[in-house]
Amino acid sequence: MSVSKELIHILRCPETKEVLVEASESLITKINEAIEKKTVYYRNNLPVLVRIDGGLLRSDGKFLYPVREDIPILLVDESIVLDDAYSENTVTK
């Protein structure tokens with residue numbers, strides 16, 4: 001993922017204004033594996049069908065905003081729901 005650190009530093013969750021942090025490579029790998037199995041969903045309950053290049057994790061760990069082609073998708077309905085399967089310490093700071 002090539003979103004600049006300066007940009008990540010100023011971005012916030014559009015819903016709660018919480019800090020967003022870059023998701024770890026291991027979390028992105030897990031999510032992409034789940035996407036291939038069609039077991040991961042956007043917040044609007046539609047399945048995620050396209051792999052992500054990276055992600056910005058909300059500080060509470062409940063949602064991930066996908067990054068595709070170096071562009072963060074900061075739409076609440078298109079945030080990816082994270083359940084307990086993703087609850088390991090996968091956030092890089």
Side-chain angles (χ1 to χ4, degrees):
M1 180 172 80
S2 297
V3 178
S4 74
K5 299 290 183 192
E6 293 83 18
L7 180 59
I8 293 172
H9 182 71
I10 62 171
L11 291 176
R12 296 290 182 263
C13 170
E15 178 184 28
T16 65
K17 310 303 182 233
E18 289 178 61
V19 171
L20 299 173
V21 293
E22 186 175 355
S24 69
E25 287 185 36
S26 64
L27 177 59
I28 299 305
T29 298
K30 281 183 178 182
I31 291 171
N32 280 326
E33 288 170 357
I35 289 170
E36 289 178 18
K37 295 175 185 174
K38 296 179 175 55
T39 59
V40 65
Y41 293 86
Y42 291 116
R43 193 148 175 206
N44 62 10
N45 293 320
L46 294 174
V48 180
L49 301 175
V50 179
R51 293 174 58 90
I52 61 175
D53 302 325
L56 298 176
L57 185 63
R58 201 165 83 174
S59 61
D60 66 6
K62 293 181 179 181
F63 300 99
L64 178 121
Y65 292 94
V67 174
R68 291 192 179 95
E69 298 180 19
D70 299 330
I71 299 170
I73 312 300
L74 296 177
L75 301 172
V76 173
D77 282 347
E78 292 188 29
S79 61
I80 295 173
V81 178
L82 299 180
D83 60 20
D84 293 339
Y86 307 109
S87 64
E88 68 181 54
N89 293 326
T90 53
V91 179
T92 57
K93 296 185 180 185

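Since this is a predicted model, take the numbers as computed values, not measurements. Along the sequence shown, residues are numbered consecutively beginning with 1.
When all heavy atoms of K62 and D60 are compared, the closest pair comes out as N-OD1, 3.0 Å. Taking every heavy atom of both residues into account, G54 and I28 meet most closely at C-CD1, 3.5 Å. Between I80 and P66, the closest heavy-atom pair is CD1-CB, 4.2 Å. Pairing each heavy atom of R12 with each of K17, the nearest pair is CD-O, 3.4 Å.
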Could you walk me through whether I52 and L64 pass the side chain to side chain contact (heavy atoms under 4.5 Å, CB included) check? CA-CA 11 Å; I52 61 175; L64 178 121; 3.8 Å; yes

Go through L82 and L57 one step at a time and tell me if the side chain to side chain contact (heavy atoms under 4.5 Å, CB included) criterion holds. CA-CA 9 Å; L82 299 180; L57 185 63; 3.1 Å; yes

Residues L74, L20; criterion side chain to side chain contact (heavy atoms under 4.5 Å, CB included); working and verdict: CA-CA 10 Å; L74 296 177; L20 299 173; 3.8 Å; yes

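Residue V40 is not grouped with residue L49 when hydrophobic side chains (ILVMFWY) are merged at heavy-atom distances under 4.5 angstrom, including chains of intermediate members.
Atom CD of E22 and atom NE2 of H9 lie 14.5 Å apart (nearest 0.5 Å). Once rounded to the nearest 0.5 Å, the distance linking CD1 of I10 with OG of S4 reads 7.5 Å. Rounding to the nearest 0.5 Å gives a distance of 4.0 Å between CG of L27 and CD1 of I31. If you take OG on S79 and CD1 on I73, they are separated by 12.0 Å, rounding to the nearest 0.5 Å. Distance check, rounded to the nearest 0.5 Å: CD of E6 to CD1 of I8 gives 9.0 Å.
Side chain of N44 to main chain of E78: no donor-acceptor pair is present (N/O by atom type, distance under 3.5 Å, no hydrogens or angles). The main-chain N or O of C13 is never found under 3.5 Å from a side-chain atom of T16 such that the two would form a donor-acceptor pair. Remark: the backbone N or O of V50 is paired with a side-chain donor or acceptor of R68 at under 3.5 angstrom. When atom types are taken as modelled, the side chain of D70 and the backbone of V3 share no donor-acceptor pair closer than 3.5 angstrom. With T39 contributing its side chain and A34 its backbone, the two residues share a donor-acceptor pair below 3.5 Å.
When side chains are defined from C-beta on, V48 does not count as touching Y41, because their heavy atoms never get closer than 4.5 Å. Looking at V76 and Y65, their side chains come closer than 4.5 Å, going by heavy atoms from C-beta outward. Using a 4.5 Å heavy-atom threshold, the side chains of V21 and L56 count as separate.
Applying the salt bridge (Lys or Arg N to Asp or Glu O under 4.0 Å) test to pairs two or more places apart or on separate chains, those with a residue in residues 34-44 are E15-R43, E36-R51.
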